[in-house]
Visitor: 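Before I ask anything, let me first share the structure, which is written out below as structure tokens.
Excluded from the calculations below are hydrogen atoms, water molecules and symmetry mates; all remaining heavy atoms, backbone and side chain alike, are included. Worth saying up front: this structure is predicted, and the values here are computed from it rather than measured.
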Amino acid sequence: MAKKRIVIVGGGFGGVKCAGTLRKLLDRDEAEIVLFNRENHLVFSPLLAEAVGSSLNILDVIVPLRQLLPQVTCRTEEVQNIDLARQEIEFAGYDGQPRRLPYDHVVVASGNISNLNVVPGMADHAYPLKTVGDAAVLRTQVLQRLEQAESCDSPERRRWFLSFIIVGGGYSGVETAGEINDLVRSSLRFYQSIREVDVTVTLIHSRDQILPEISPPLREFARQKMEKAGITLRLNARVQLATGEGVGLKDGFVSGGTIVCTIGSTIAPVVDRLNAPKEKGRLLTEPDLRLKGQANAWAIGDCASIINAHDGQPSPPTGQFAEREGRQCAANIARVLRGEPTRPFTFKVLGQLCSIGGHSAVAEMFGRRLSGFAAWFAWRGVYLFKLPSWSRRFQVGFDWAWLLLFPRDLSYLKTDVTDRVSHAHFEPGDFIIKQGDPPVGFYVIEDGEVEVVKASPEKPDGEIVAVIGRGNFFGEQALLSNSPRSASIRARTPVEVVVMGRHVFTTISKSLAPLRQALMQALTRRTASFWQQRPEALAALRHFALRDFIEPAPQPVLTPGTPSLEVTRVFAEHPADFFFVSRDGTRLDGLITLTDLLRAQGTGPDAEAIMTKDPVAILESDTALVAASAFREHGMKYLPVIADRESRRIVGFVRARKLMASVLQKINPAAPGPNPT
């Protein structure tokens, strides 16, 4: 028999078990086994929560693949495509160039990847727990929060630092909540300023009970034990958004300085690109684990939809099933190479185990239910002997025994990245910057609007002095002058911003001429305006009521579907310089100026292609000072006025000329009054 090449894509439980079993079943002269995995180690994911809680050394949850599979060719290049027709895989080589490798059999075991974008703002503000890197970063975050709380002189802020939110009540969420709770509460004796009542660990779950995979009595036991340990459970609660201050639920907001998200996953890109039948993103397989319609392509683990012949039910995405699928897949490949019939995948679940913190666990093993310390001891024993090498078993066992006698390790390595560009989400009312804060970031608004709030001796609680919208930026003045923030920035609507670290901002602003020019223009505009230099003008603006300057909306109000030729006719027949666009005649969806029309040059088929979508607008309840600052910031001659942010109902518009003329007359009564046109 000619030597065959078997390629396995993915080094999780299923892929590793498949590779190891194949090596036992097939001699080296029968088959070359190649395992592709982006990391050079297997992550023992059930123990990631233990690493977060310092119950385990972070390196003890990984095993190097080359040592685990010494007779398997292990490669860390990223597989980008699997060409089933040509029987080749495409991967990025050491130099980044695409390369191809032919195969006789391929096993897809790439699993799933985290996808925190299922909830607005979650990807920006929450910590996932999927990889050993995630565990290391989260552990550092928890310990940093303890250090910040210890030195904080504000009781309210100290409680926020010590508030931990875990989203998801499955195995990962429950174990993470228990470990963080144990780590924080057991370490308080080493901190002088922190009291136990300051600590809050909240587990949020969308169902009426946690741990849906186990029986109701054990779920209830787990709930009672966790609540007794000090963990707050929010059941039947679905997280709708996440910000830098916490998470929003349908019935309120949960404040917290650390958010951990254990929900949300998506298929790996290589699976998404694979031309094979799928159901809900998972590869459909035959009973023997072959891909539907394929003779030499197989799929196992979380990325595959596999029917268990034992009960006719889909196999759950757990490590226990992935290992058995890997073993069965390897056996079937060996049978195919030897001309023997394959067998369907069948497996009877041995048990379920979950640690809930405080040396307690819940377990169902061989038809028996265990809870409390006995279950925790069994949980530790089972996972200890599931570790794939005796050296790692001794290391982990020693760590666990050590913690029964000594406190957890509180040291950590800082994982902060100095230079970075990231995204952030804020809800209305959230402060992005506070007056007096040190300059640490530069912000560009991707979507939404923010308010500039400035405190002064006359207005110690602060007043709104400007509104900034999409495409604009803020934070540059303090960075350029290396001075504290001169005003607060508060989200006016839901806001998405790009955050640029100080050092990245400095480097780019020095080397990129257009950005440097824009910054200088903004700095000049914001510091040398008429309003800033004339205190009497500011006083006059505070005196005026905005409603005295509101004019009716120009007619007609266009719709997004209005043809561009009709838009041109409207401008030709009416004297207005702009027109509003609305789908229903009341809500402000866009604005078209004569400049917009000329710029389009007839290329836009309708008003929607020409208009400025969701233009910056001021509220009917805003002050004349806000309107004046918005004119200054955006360089506009007129601003739409809407009733409120939610409805965006068109009220009218305000002219910059009319407002300025009124201010001039107020501070200089001899000046002529404003021209109403």
Side-chain angles (χ1 to χ4, degrees), residues 12 43 45-53 110-135 137-138 141-142 163-181 201-214 219 222-223 226 231-268 271-272 280-282 301-303 305 314 316-319 321-322 352 354-357 423 425 427:
V43 179
S45 51
L47 295 179
L48 285 176
E50 297 269 305
V52 171
S110 54
N112 291 328
I113 60 175
S114 294
N115 178 25
L116 302 190
N117 290 309
V118 293
V119 177
M122 193 67 79
D124 303 323
H125 301 287
Y127 291 84
L129 189 57
K130 190 81 171 178
T131 68
V132 68
D134 294 338
V137 171
L138 179 55
Q141 166 71 6
V142 173
S163 296
F164 303 90
I165 302 170
I166 294 86
V167 181
Y171 285 121
S172 184
V174 168
E175 291 175 348
T176 303
E179 282 295 324
I180 290 178
N181 190 65
V201 178
T202 304
L203 178 66
I204 301 175
H205 189 50
S206 60
R207 302 187 185 183
D208 57 354
Q209 287 185 311
I210 58 173
L211 298 172
E213 300 88 350
I214 63 177
R219 295 179 204 159
R223 182 190 66 80
M226 294 181 75
I231 299 174
T232 301
L233 271 63
R234 296 286 297 267
L235 303 178
N236 292 315
R238 190 176 296 275
V239 175
Q240 297 183 323
L241 58 95
T243 74
E245 294 294 317
V247 299
L249 310 178
K250 186 176 181 180
D251 58 350
F253 191 84
V254 181
S255 179
T258 301
I259 306 170
V260 184
C261 185
T262 63
I263 63 171
S265 62
T266 189
I267 58 176
V271 175
D272 188 36
K280 296 181 180 179
R282 302 176 74 184
D302 296 359
C303 67
S305 177
T318 64
F321 269 84
Q352 307 278 2
C354 181
S355 172
I356 58 177
H423 291 76
H425 173 87
E427 284 295 300

Visitor: Check Val119 against Ala242 and note the closest heavy-atom contact, atom names and distance.
Guide: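 That closest heavy-atom pairing would be CG1-N, 4.4 Å.
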Visitor: Any side-chain heavy atom of Phe164 within less than 4.5 Å of one from Ile259?
Guide: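 No, every pair of side-chain atoms sits at 4.5 Å or beyond.
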Visitor: Determine whether Val260 and Val52 satisfy the following criterion, side chain to side chain contact (heavy atoms under 4.5 Å, CB included), listing intermediate values before the conclusion.
Guide: CA-CA 11 Å; Val260 184; Val52 171; over 6 Å; no
Visitor: Report yes if the side chains of Thr266 and Asp272 come closer than 4.5 Å at any heavy-atom pair, otherwise no.
Guide: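 A side-chain contact under 4.5 Å is absent here.
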Visitor: Which heavy atom in Leu203 sits nearest to a heavy atom in Ala177, and how many Å separate them?
Guide: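 Smallest heavy-atom distance, with atoms named: CD1-CB, 4.4 Å.
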Visitor: Ignoring hydrogens, what is the shortest heavy-atom contact between Ile214 and Arg219? Give both atom names and the distance.
Guide: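 It is O-NE, 2.7 Å.
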Visitor: Does Ile165 reach the side chain of Ile204, with side-chain heavy atoms less than 4.5 Å apart?
Guide: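 Ile165 reaches Ile204 side chain to side chain.
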Visitor: If you compare all heavy atoms of Val43 against all heavy atoms of Val132, which two are closest, and at what distance to 0.1 Å?
Guide: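 Val43 and Val132 have their closest heavy atoms at CG1-N, 4.4 Å.
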Visitor: Are the side chains of Pro128 and Asp134 in touch, meaning some heavy atoms are under 4.5 Å apart?
Guide: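 Yes, close enough: below the 4.5 Å cut-off.
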Visitor: Going by heavy atoms in the side chains, are Arg207 and His205 under 4.5 Å from each other?
Guide: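 In contact.
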Visitor: For Val201, is there any backbone N or O sitting under 3.5 Å from a side-chain donor or acceptor partner on Asn181?
Guide: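 Not a single qualifying donor-acceptor pair exists.
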Visitor: Is it true that a side-chain atom of His125 and a backbone atom of Gly246 form a donor plus acceptor pair closer than 3.5 Å?
Guide: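 Not confirmed, His125 side chain does not pair with Gly246 backbone.
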Visitor: Under 4.0 Å between a Lys/Arg side-chain N and an Asp/Glu carboxylate O for Arg238 and Asp251?
Guide: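 No salt bridge links Arg238 with Asp251.
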Visitor: Would you mind reporting whether Val167 and Met122 have side-chain heavy atoms less than 4.5 Å apart?
Guide: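 Yes, their side chains come closer than 4.5 Å.
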Visitor: Could you report the tightest heavy-atom contact between Val271 and Ser110, atom names first, then the distance?
Guide: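 That closest heavy-atom pairing would be CG2-OG, 3.0 Å.
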Visitor: If you apply the rule side chain to side chain contact (heavy atoms under 4.5 Å, CB included), what do you find for Tyr171 with Gln352, and how did you get there?
Guide: CA-CA 10 Å; Tyr171 285 121; Gln352 307 278 2; 2.7 Å; yes
Visitor: For residues Ser355 and Glu175, is any side-chain donor paired with an opposing acceptor at under 3.5 Å?
Guide: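 There is no such pair between these side chains.
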Visitor: Please give me the minimum heavy-atom distance between Gly301 and Ala322, naming the atom from each residue.
Guide: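 Smallest interatomic distance, heavy atoms only, reads CA-CB, 4.3 Å.
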Visitor: Just so I know, are the side chains of Met226 and Leu233 near enough to count as touching, which here means a heavy-atom distance under 4.5 Å?
Guide: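 Yes, their side chains come closer than 4.5 Å.
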